[in-house]
Amino acid sequence: MEQSFVVTEGRKFTKVEEQMIWRKPASHKTSREEIRIASEIKNNWLDPEMKIMNVLLEGDAGSGKTQLARALSDDLQLPYTKVTCFADMDKTDVFGALLPVVSADDEDDQELLEAIYQTDSLQEVLAVIESHFQIDADQAKDRLCKLIERIDQDETTTSVEYKFYPSEIVRAMQKGYLLEIQEPTVIRDASVLVALNSALEPNGLLNIPTGIIRRHPDCVVVITTNRNYQGNRPLNESLRDRVQHAEKMDLPSIEVMIERAIAKTNFTDRDYLEVMAEIIRLLDETAKANAIKGVAGMRSYFFWVNSLKQGQDPLESIFPKVLYKLTTDETELKILQEALEQSKLLTELQQVKNQQKLQQGRRISQAEADQRNIFEEAEEATLKSEAVETDAPTENQETKVEEVESEKEKKHPEAATISDDAERGDAEAESTTGSIDEEDKIGSAMSLDEMAEIDKTKRKELNRAIRESLKETIHAKEGTILHRPTINEAAIKNGQELTQSVLPEVESLSHVINDLLNKEVSNDYSGGKYYGARFNPSHVAYGDLRNFDKKNPPSEQPSLALAVRVDESGSMLRDDRIQNAKLAAVALSLFAEKTNIPLMLYGDSADLSQREKTSIYSYKEFDDGYDFMAAKLSTMKPRQNNRDGVPLRLLAEKLSQQAADTKVLLSISDGQPKALPDYTGEKAKQDIQSVLDDYERKGILFIACAIGEDKEQLRTLYGKNNFVDISDISTLPQQLLQLIARFI
């Protein structure tokens with residue numbers, strides 16, 4: 001801002017006084033209050049009767065009172081000084097005190113000592129000495145040591161006298177500075193403030209031990225005080241009456257908060273800044289309403305934003321940067337956290353975080369980039385644009401495609417046995433899982449019968465876990481049964497065909513990703529471990545020879561964990577939707593296997609029988625291997641209805657327990673939720689959105705991939721930030737691979 005409010009044209013300042021005039025940093029944003037006060041002072045400066053010389057700024061901590069007072073120093077071009085009041089302040093603190101002084105001070109060091117007396121720390125003292133004598137830091141330290149030595153010398157060698165040193169209030173009044181008096185309301189003795197009354201008059205006088213001091217005509221006093229905080233008292237009425245202009249300082253508007261944060265921190269993501277500003281305002285209002293004495297203001301906002309800029313998670317840094325500055329009392333913290341929960345602002349913040357990941361992928365730190373020899377940023381990746389709207393009907397018509405299966409368990413069909421040739425031959429060969437034929441990819445040398453027996457035991461465990469997970473939900477008393485897919489030779493053959501269809505795309509992309517991952521850590525590890533570039537099963541007692549990491553040791557935290565849900569409702573029969581969903585699932589499983597991404601994959605349907613209201617098909621749990629994976633996925637088929645809230649909650653709960661930087665839940669569906677007797681419309685919407693609310697706060701990124709007509713309804717259900725429109729379902733595998741690769 002141009003110096004249009006200067007009131008000291010032609011006035012000569014000493015070098016020290018010139019240094020006392022505050023200079024606005026580049027981050028300073030001029031407020032309406034600043035312009036209003038500066039213009040009022042300037043416009044009435046030459047009117048002896050209406051001159052504005054005393055200003056009161058009263059408001060919340062962190063609302064910018066001191067910043068405004070300093071800005072007025074720049075606007076008016078007046079040297080700035082301040083006095084911070086304290087509870088036991090007395091009249092000697094207002095007027096000054098007798099202090100020991102070396103006689104030589106009057107000749108050599110008077111100006112320097114006056115500058116030193118107004119500083120608050122050793123570093124400020126050294127800075128004043130450097131500037132005053134135009135010397136470097138080491139010379140300034142020597143100069144200060146010599147000054148201290150002279151003062152501490154014995155009285156026999158150097159005569160010590162006592163001299164009256166005026167207070168900063170007196171100096172400002174006498175020399176015509178802009179004086180900020182901070183927090184006068186904390187002073188216990190009311191007579192101390194009364195002593196200032198005469199000095200605040202336009203032609204005020206101060207009676208000090210060395211005589212009477214008349215107020216300089218250029219002196220401007222700015223009183224800054226908080227309101228309604230612990231230890232504060234009402235401002236003395238007689239002092240308040242001598243103020244010619246007062247401002248009520250509150251937290252600025254959201255837009256102003258954002259602009260100031262951008263200027264202060266150079267962090268420019270407005271989506272983050274807006275939600276974080278709303279959280280600060282909510283906490284401030286909640287604290288006042290509940291008599292919590294802490295402060296949520298602009299300082300908290302700036303440091304919270306700066307921690308985000310430095311890569312910290314705002315949902316974690318909110319505690320040390322904001323909440324713990326308000327209070328550390330458990331009861332009060334609970335009140336603040338409940339207010340945040342009810343406002344759903346933390347959920348909005350998590351959604352912004354998730355959307356950033358969706359748009360930008362995982363952004364690595366500079367240190368990680370240096371370690372991996374990455375010198376350039378990747379170009380922005382985008383999904384294919386959404387399809388043009390059509391007039392196709394949107395009603396989700398569910399089709400029953402098969403008779404209800406018997407509720408009793410059936411025996412598995414005759415299993416195909418595994419030949420001895422299927423076992424890995426060379427113990428020293430490199431791991432090539434994911435790129436070899438299905439028959440050669442057995443690894444554990446299990447027969448289908450053996451795998452079926454293992455699945456039977458695991459199915460019981462998983463069903464117990466499901467009942468526990470759904471206890472407190474609307475699905476608790478409805479029958480939910482989990483199945484493990486049963487496969488035979490036909491399924492293995494179908495799986496091979498699916499694999500061959502997507503393998504080129506998977507190979508190409510996984511090769512690029514693995515090139516990056518291989519640079520993260522060395523491939524060379526000691527023998528007898530479950531990881532390494534070469535695997536020696538004779539040195540490791542591990543039966544199935546499959547669970548080892550090709551690149552990273554087990555202690556390394558993966559950058560991504562992925563959970564996939566495939567809708568197996570009857571409407572998936574249309575337009576090859578189920579076939580493209582199978583291809584996408586096979587592609588994702590191959591890609592996850594090749595890049596060591598923790599993967600979980602479920603299909604689901606509803607209303608197969610009166611007893612079985614929801615059916616879950618567990619194709620892969622996080623702790624499963626990849627044996628017969630494509631064969632298992634080939635058993636997907638259109639069934640009945642869909643009760644989306646159940647699979648979403650089950651997948652999200654298990655995904656939340658994974659140790660990964662990013663946790664993505666991918667839902668592939670062609671329609672709205674619809675199940676008997678009334679799981680549709682608003683009831684289904686509330687159920688799904690409650691899952692999103694519960695788990696987005698735990699860092700789960702939900703992505704709904706719409707492949708049918710009900711795209712707008714799905715967008716409404718999941719939110720525009722969690723929605724991807726797959727217009728051309730024939731490219732579903734390729735689009736999902738590209739999407740997931742962006743998170744690694």
Side-chain angles (χ1 to χ4, degrees), residues 1 3-13 17 20-22 30-59 64-85 93-96 118 166-185 187 192-208 212-225 235-249:
M1 187 175 66
Q3 299 292 342
S4 56
F5 304 119
V6 177
V7 295
T8 55
E9 293 97 338
R11 178 173 166 181
K12 301 293 185 182
F13 293 111
E17 287 175 337
M20 292 169 61
I21 299 176
W22 198 67
T30 301
S31 64
R32 288 176 295 177
E33 292 86 356
E34 178 188 337
I35 294 174
R36 184 161 55 240
I37 296 171
S39 60
E40 286 283 328
I41 293 174
K42 175 68 174 179
N43 294 339
N44 295 282
W45 191 251
L46 300 178
D47 188 336
E49 298 297 327
M50 295 290 106
K51 191 171 185 177
I52 295 176
M53 306 180 72
N54 305 318
V55 177
L56 173 64
L57 305 179
E58 188 172 16
K65 300 183 295 295
T66 294
Q67 182 81 356
L68 198 158
R70 290 172 175 169
L72 289 174
S73 168
D74 192 329
D75 295 331
L76 306 174
Q77 284 297 285
L78 284 170
Y80 167 83
T81 188
K82 69 177 180 180
V83 171
T84 302
C85 301
D93 297 304
V94 173
F95 298 124
Q118 69 177 338
S167 69
E168 205 56 31
I169 295 174
V170 171
R171 277 170 29 85
M173 294 281 187
Q174 185 179 27
K175 297 194 174 186
Y177 298 160
L178 187 145
L179 170 67
E180 180 189 1
I181 302 178
Q182 296 181 335
E183 310 301 343
T185 53
I187 301 175
V192 174
L193 285 178
V194 174
L196 285 173
N197 285 351
S198 60
L200 293 177
E201 298 288 353
N203 296 312
L205 300 173
L206 278 179
N207 191 355
I208 63 175
I212 294 183
I213 299 296
R214 186 177 298 276
R215 178 172 180 170
H216 194 288
D218 288 351
C219 178
V220 174
V221 177
V222 179
I223 301 171
T224 59
T225 180
L235 196 61
N236 182 280
E237 290 84 352
S238 60
L239 187 146
R240 186 184 283 272
D241 188 51
R242 285 167 171 77
V243 169
Q244 293 96 18
H245 185 98
E247 288 283 351
K248 180 175 177 285
M249 300 289 289

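As a basis for the values below, the full set of heavy atoms in this structure was taken, side chains included, without hydrogen atoms, waters or symmetry mates. Quick caveat, the model's predicted, so the values are computed rather than measured.
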I'd like to know if the side chain of Arg171 reaches the main chain of Pro166, judged simply by a donor and an acceptor atom lying under 3.5 Å from each other, with no hydrogens or angles considered. no
Keeping Thr84 on the side-chain end and Gln182 on the backbone end, is there a donor-acceptor pair under 3.5 Å? no
Using side-chain heavy atoms (C-beta onward) and a distance below 4.5 Å, is Phe13 in contact with Thr8? yes
If you look at every heavy atom in Cys85 and Pro184, which pair is closest and at what distance? SG-CA, 3.8 Å
At what distance, to the nearest 0.5 angstrom, does CG of Asp75 lie from OG of Ser39? 10.0 Å
Does a side-chain heavy-atom distance below 4.5 Å link Lys175 with Met20? no
Between Phe95 and Leu206 the two heavy atoms that sit nearest each other are CE2-CD2, 3.4 Å
Which of these passes side-chain contact (heavy atoms from CB on, under 4.5 Å) with Leu179: Val222, Ile169, Ile223? Ile169
Gap between atom CG of Asn54 and atom SG of Cys219 - 0.5 Å precision: 8.0 Å
If you measure only the distance, is there a donor-acceptor pair under 3.5 Å linking the side chains of Thr224 and Glu180? yes
Can you see which heavy atom on Gln244 is nearest to which on Met53, and at what distance? OE1-N, 2.9 Å
Nearest-0.5 Å distance that lies between atom CD1 in Ile187 and atom CG in Asp93: 8.5 Å
List for me each residue that meets salt bridge (charged side-chain N to carboxylate O under 4.0 Å, His left out) alongside Lys42, sequence neighbours excluded, and say none if there are none. Glu9
Run the side-chain contact (heavy atoms from CB on, under 4.5 Å) test against Leu46 and tell me which residues pass, sequence neighbours left out. none
Can you list the residues that meet the salt bridge (charged side-chain N to carboxylate O under 4.0 Å, His left out) rule with Arg36, with sequence neighbours excluded? Glu247
Rounded to the nearest 0.5 Å, what separation is found between the CG atom of Asp74 and the OH atom of Tyr80? 13.0 Å
Given 3.5 Å as the limit, does a donor-acceptor pair link the side chain of Ser73 with the main chain of Leu78, or not? yes
For Val83 versus Glu168, what's the shortest heavy-atom pair and its separation? CG2-CB, 3.6 Å
Test side-chain contact (heavy atoms from CB on, under 4.5 Å) applied to Gln174 - qualifying residues, sequence neighbours left out: Ile213
Looking at side-chain heavy atoms only, is the closest gap between Leu76 and Trp45 below 4.5 Å? no
Is the backbone N or O of Pro217 less than 3.5 Å from a side-chain atom of Lys51, with the two atoms forming a donor-acceptor pair by type? yes
Sequence neighbours excluded, which residues qualify as salt bridge (charged side-chain N to carboxylate O under 4.0 Å, His left out) partners of Arg242? Glu201
Would you check if Ile37 and Leu57 make a side-chain contact, meaning some heavy-atom pair closer than 4.5 Å? yes
Is any side-chain heavy atom of Asn44 closer than 4.5 Å to a side-chain heavy atom of His245? no
Set of salt bridge (charged side-chain N to carboxylate O under 4.0 Å, His left out) partners for Asp218, sequence neighbours left out: Arg11
Between the CZ atom in Phe5 and the CD1 atom in Ile35, the distance rounded to the nearest 0.5 Å is 6.0 Å
Any heavy-atom pair between the side chains of Tyr177 and Glu17 that's under 4.5 Å? yes
Which heavy atom in Thr81 sits nearest to a heavy atom in Ala172, and how many Å separate them? CG2-CB, 3.9 Å
Calculate, to the nearest 0.5 Å, the distance between atoms CG and NZ belonging to Leu56 and Lys65 respectively. 10.5 Å
Heavy-atom donor-acceptor pair, Glu34 side chain to Leu68 backbone, under 3.5 Å: no
